[in-house]
Undergrad: 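Please find one structure pasted underneath; my questions will follow.
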Amino acid sequence: MEMVRLGAYGYCRRPPSISDLKTMLRRAHESQMLKRQLQKVQDRLEDDSRCDGMIGSAADAAGLISW
């Protein structure tokens, strides 16, 4: 149980059953996919939260701002 607490996906009895191994592999795969998706969403939010080019990018707005 300590190994699971430290980050292992699970544990299996010896000898491991094919069903247990398939379940463990599916969970590990799903976990990695979710981590990748989360990272992509966080990166996209970080990019979208920047204001670079937002102010003064339209032709009408450019005349209003004089830096």
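None of the values given here were measured: they were computed from a predicted structure.
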Undergrad: Would you indicate whether Leu38, at its atom CG, is surrounded by more than 12 heavy atoms from other residues, nucleotides or ligands within a distance under 6.0 Å?
TA: yes
Undergrad: Kindly indicate whether the side chain of Gln42, heavy atoms from C-beta on, has any atom under 4.5 Å from the side chain of Gln39.
TA: yes
Undergrad: Before giving the answer on side-chain contact (heavy atoms from CB on, under 4.5 Å), spell out for Arg36 and Met33 the whole-Å C-alpha distance, their side-chain angles and the decisive distance to 0.1 Å.
TA: CA-CA 5 Å; Arg36 287 186 188 125; Met33 294 297 291; 3.8 Å; yes
Undergrad: Could you walk me through whether Asp20 and Ser17 pass side-chain hydrogen bond (donor to acceptor under 3.5 Å, both in side chains), step by step?
TA: CA-CA 5 Å; Asp20 289 344; Ser17 72; 3.2 Å; yes
Undergrad: Check Glu30, His29, Met24 against Arg26 for a side-chain contact (heavy atoms from CB on, under 4.5 Å) and give me the one that passes.
TA: Glu30
Undergrad: If only atom types and distance count, is the side chain of Ser31 paired as donor or acceptor with the main-chain N or O of Arg27 below 3.5 Å?
TA: no
